[in-house]
Amino acid sequence: MDQPKSDDGGVPVDELVAVTAEELLGYAEIACEAQSLARTELVLKENGLFLLTDAAGNVTPPGACELGLFDRDTRVLSYYDLHVGGGRPDVLSSQAARVYASQIDLTVTDREFGGVFSEPKNFLHIRREHLLGEFMTDRMILTNYMGRVVEFWVDLRFAADFADIFEVRGARRPTRGQYFRPLVGEREVVWIYRGCDDRLRRTVIRFSISPNELDAGRARWLLRLEPKEAVELEINVLPVVNEGRIPGPDRPFGERLRRIRAAYDQWHGHATQIRGDDQFFNAALRQSITDLRALMVDHESRSIVSAGIPWFTAPFGRDSLITSIEALPANPDIARQTLDFLAAYQGEEVDDWTEEEPGKILHELRRGEMAACHEIPHIPYYGSIDSTPLFLVLLGETLRWTGDLALVQRLLPHAERALQWIDRFGDVDGDGFVEYVRRSERGLANQGWKDSGDGVCYPDGTLPEPPIALVEVQGYVYDAKNHMAEVFTALGDFERAGQLRAEAAALRQRINDAFWMEDRGYYALALDGQKRRLPTITSNPGHLLWSGVPTPEQARRVAEVLLADEMFSGWGIRTLARHQPVYNPLSYHNGTIWPHDNALISLGFARYGLRREAATVLEALFEAALHFRYHRLPELFCGIWRGETDTPVAYPVSCSPQAWAAAAFFPMLQGVLGIDPDARGRMLRLVQPYLPRRFRFLDLLRMQVGGSRVSLQFNRYGERTMVNVLDVEGDPLHVRIDVV
């Protein structure tokens, strides 16, 4: 077919020719039936751009649900397949630990070039590197080790389906926008789509070397290499929306790589440095810091840590808040950014479609075509029952770590509105508990952190009738009011502080009266709309220890349940006990292990002085991390008992990296080491520090407490843990060690 020409990535409107997906060789057809990550091997991300490929760096077959290049919730590259010498090269190795760049080593054998069929030799080495910035770069260096001149074809096939992220996850739409015939120039191809939101989306694919053959979906180069000769080929894939600037490689690949590496080095330098005598643990902690940087996203001049790749590379209220709380010992700036971002989108009116209410903190914000067309309510969507109290908890915790009264004063109107939401809108039926009931036809049925359709149920799997009061959410509200009492105390409003403490104390009593099951020594999961307890044994009550709700005796009994074989798999604490009829270790929320869940429970154990119990959870999660790639804890993994398997069993669609999993080690360390900051008082207490048995020593270097940076060394001597203060930089800081 005739190819419209393009030499600069521009879109001459009068030359655009409307076509169907079928006319685009079928490459633009979206092949997803349900979300999957079966073929994903390499995951890259930088700001709003992320890339999922197989081990060779390819996106194939066309439209595969789990692969592609995504920009602002839109897949801008849905097919990308390299062939060399008539076939796909063999993978020697591939890795993407740096998250912004991958390194892939490929080879081609001499079988098609006169070699012995029964004993082929690798002769062509291909070093392939993907780099993300404002756009994606694919750099290949091909080197001939044949010993003679060799001539071969390099073939690259590509397409863009411009699918919304929700379509990639399996959503079906009644109608889609308009595709246009790709524009083909001498060294570039432009794929074009105008969505139902009237936004013109383009994917510009540019080549450093002019192909010998080029059409809308394929570029071919005929290469001739002398012995030991190498050639470099660079492909840049540039997403553009409307008439936006087309970003281009204004600097060489190596310089761009050095710049982003320097940015990551600066991020690491700003964070707390954690190192011990276990090099694998050091590597896991360093990967966590890297992943938190990778998960940052910008939106309308503000930054926030996104939830996880691939499905949740967007602002999420609950995820961002919990991640920020977890990361305070490592980098309190993440918390400041999260608070400012979420305050900017705080609810202002009642809207059933988005479940917005005055003072409510958002659940999820999307930027794709389906959101823009209001096919989904994520503009933003507010269907989260716990984001609002967690916003207040984070504000209070940030004050403890930073002493930043200017931040508190700036956000105080937002905090006041959040408190008003809790009392006015959060308590649906006036019983003194915060409950949820779905109001949006496209909203979530369950609106706590276990938000899958069956994530909140009776032991036999029966679903409760709303409104539903989750046990951990009541703990968050209790903690929020106590934190806000401390905030008002810091601001000199002692009357308001006293009122909030009284409200919190009354709520604590109501929680224990309504949820505590004395015969089981445990708390119920929730109350249904008839105020009946859901006696399901789950991990949710473990969060009450983090919030400080149980009495010391109740905390001890809860810990016994959580660390018994029914809940503790050996790799971590399950979301649901295995003796419950609904238990399924392969489900999303009914028997799997979530690192962030374990982290908050571990910190809760430590709050009640149960440091060895907290260390048990930390060590189990670290031993699990050793079996995952890059020692990176995933979003979740299966709850199968450790005695049945040598390694933890992966969950098939778990996000990795995932923010609150990436930050999970920090609160666990905070708990076992007894770290208790008071930045306003220029005080750091270390309460009964306990170094887990697998460590001889552990250093925390340049940890931020207010205007100070303190360096500490923890040493184990038998069952005793000793602490040395190595250095204090900046403002004076009193370090008090309570060993008894």
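Only a predicted model underlies this, so the values are computations on that prediction, with no experimental measurement involved.
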Considering all heavy atoms of both residues, which atom of P380 and which atom of T354 are nearest to each other, and what is their separation? O-CB, 3.6 Å

Indicate whether any N or O donor in one side chain lies under 3.5 Å from an N or O acceptor in the other, for R680 and T489. no

Working note: E486 + L399, criterion side-chain contact (heavy atoms from CB on, under 4.5 Å); need CA distance, chi angles, decisive distance, verdict. CA-CA 9 Å; E486 292 301 317; L399 180 62; 5.6 Å; no

Anything under 3.5 Å between a donor and an acceptor, one on a side chain of residues 669-677, the other on a protein residue two or more places apart or in another chain? List them.
unit_1: D676; atom_1: OD1; unit_2: R400; atom_2: NH1; d: 2.5
unit_1: D676; atom_1: OD2; unit_2: R685; atom_2: NH1; d: 3.3

Which value, rounded to the nearest 0.5 Å, describes the distance between Y345 atom OH and I379 atom CD1? 12.0 Å

Backbone N/O of G432 and side chain of R510: donor-acceptor pair under 3.5 Å: yes

State, to 0.1 Å, how close L691 and N715 come at their nearest heavy-atom pair, and which atoms those are. CD2-C, 4.1 Å

Considering residues, nucleotides and ligands other than E349, do more than 12 of their heavy atoms fall under 6.0 Å from its CD? yes

Below 4.5 Å, heavy atoms only, C-beta onward: do F312 and E635 meet side chain to side chain? yes

Taking the six-membered ring where the residue is Trp, are the ring centres of Y100 and Y264 under 6.0 Å apart? yes

Do the ring centers of F622 and F280 come within less than 6.0 Å of each other? no

Does one side chain, of D451 or N446, offer a donor that lies under 3.5 Å from an acceptor on the other? no

Under 3.5 Å side-chain donor-acceptor pair for Y608 and Q554: no

Would you say the side-chain atoms of S708 pair up with the backbone N or O of D731, donor to acceptor, closer than 3.5 Å? yes

Pair Y523 + F515: ring centers closer than 6.0 Å: no

Does CZ in R424 sit with more than 12 non-hydrogen atoms of other residues, nucleotides or ligands closer than 6.0 Å? no

Which residues pass the ring pair (Phe, Tyr, Trp, His ring centres under 6.0 Å) test with F666, sequence neighbours left out? none

K360 vs F425 side-chain heavy atoms within contact, under 4.5 Å: no

What I want to check is whether the side chains of Q287 and H631 have a donor and an acceptor closer together than 3.5 Å. no

Minimum heavy-atom distance V549-R508, with the two atoms named: O-NE, 2.6 Å

Centre of Y690's six-membered ring, under 6.0 Å away, within 45 degrees of the axis: is that where NZ or CZ of R716 sits? yes

Side chain of T575, backbone of H589: donor and acceptor closer than 3.5 Å? yes

Any non-hydrogen side-chain atom of T402 less than 4.5 Å from a side-chain atom of Q704? no

In plain terms, say whether R611 and E613 are close enough for a salt bridge, that is, a side-chain N and a carboxylate O under 4.0 Å apart. no

Apply side-chain contact (heavy atoms from CB on, under 4.5 Å) to residues V728 and R709 and explain how you reach the verdict. CA-CA 6 Å; V728 176; R709 281 189 176 266; over 6 Å; no

Taking atom types as modelled, find out whether H596 and E326 have a side-chain donor-acceptor pair closer than 3.5 angstrom. no

Mind checking whether L684 and L712 have side chains closer than 4.5 Å, heavy atoms only? yes

Side chain of N282, backbone of G276: donor and acceptor closer than 3.5 Å? yes

Output yes when R496 and E416 qualify as a salt bridge under the 4.0 Å nitrogen-oxygen rule, no when they do not. yes

Do R261 and D265 come close enough that some side-chain heavy atom pair is under 4.5 Å? yes

Under 3.5 Å, is there a donor on one side chain and an acceptor on the other for Q499 and E503? yes

Given the side-chain rings of F695 and F281, with only the six-membered ring counted for Trp, is the space between their centroids under 6.0 Å? yes

Pairs meeting criterion salt bridge (Lys or Arg N to Asp or Glu O under 4.0 Å) with involvement of residues 266-289, two or more places apart: R275-D699, D277-R696, D278-R694

Flag, side chain of D73 to backbone of R367, donor-acceptor distance under 3.5 Å: yes

Sub-3.5 Å donor-acceptor pair from the side chain of K481 to the main-chain atoms of L500, do we have one? no

What orientation do Y381 and H378 show, parallel under 30°, tilted 30 to 60°, or perpendicular over 60°? tilted

Parallel, tilted or perpendicular: which describes the rings of W660 and W449, with under 30° parallel and over 60° perpendicular? perpendicular

Testing the basics here: between Y478 and L507, what is the closest heavy-atom pair and its distance to 0.1 Å? N-CD2, 3.5 Å

Quick one: does T338's side chain have a donor or acceptor within less than 3.5 Å of a partner on I304's backbone? no

If only side-chain N and O atoms count, and only distance matters, is there a donor-acceptor pair under 3.5 Å linking H268 with T290? yes

If only atom types and distance count, is the side chain of E46 paired as donor or acceptor with the main-chain N or O of L49 below 3.5 Å? no

Could you check whether any side-chain heavy atom of R417 comes within less than 4.5 Å of a side-chain heavy atom of Q346, counting everything from C-beta outward? yes

What I want to find out is whether R736 reaches D738 closely enough, with some N-O distance under 4.0 Å, to be called a salt bridge. yes

Locate the shortest heavy-atom distance separating L562 from G542; write the atom from each residue and the value. CD1-CA, 3.8 Å

With a 3.5 Å distance limit and no angle check, can you tell me whether S547 reaches the backbone of G475 through a side-chain donor-acceptor pair? yes

Is the closest side-chain heavy-atom distance between S711 and L700 below 4.5 Å? no

Between D597 and S539, does any side-chain donor sit less than 3.5 Å from a side-chain acceptor? yes

Side-chain touch F605/V617, heavy atoms, less than 4.5 angstrom: yes

Can you tell me which residue among L339, D404, L392 is in a side chain to side chain contact (heavy atoms under 4.5 Å, CB included) with L411? L339

Which atom of L362 lies closest to which atom of P315, heavy atoms considered: CD1-O, 4.2 Å

Residue E729 excluded, over 12 heavy atoms near CD under 6.0 Å: yes

Walk me through it: do I309 and L295 pass the test side-chain contact (heavy atoms from CB on, under 4.5 Å)? CA-CA 8 Å; I309 306 171; L295 288 163; 3.9 Å; yes

Flag, side chain of S288 to backbone of A662, donor-acceptor distance under 3.5 Å: yes

Under 3.5 Å side-chain donor-acceptor pair for E357 and W421: yes

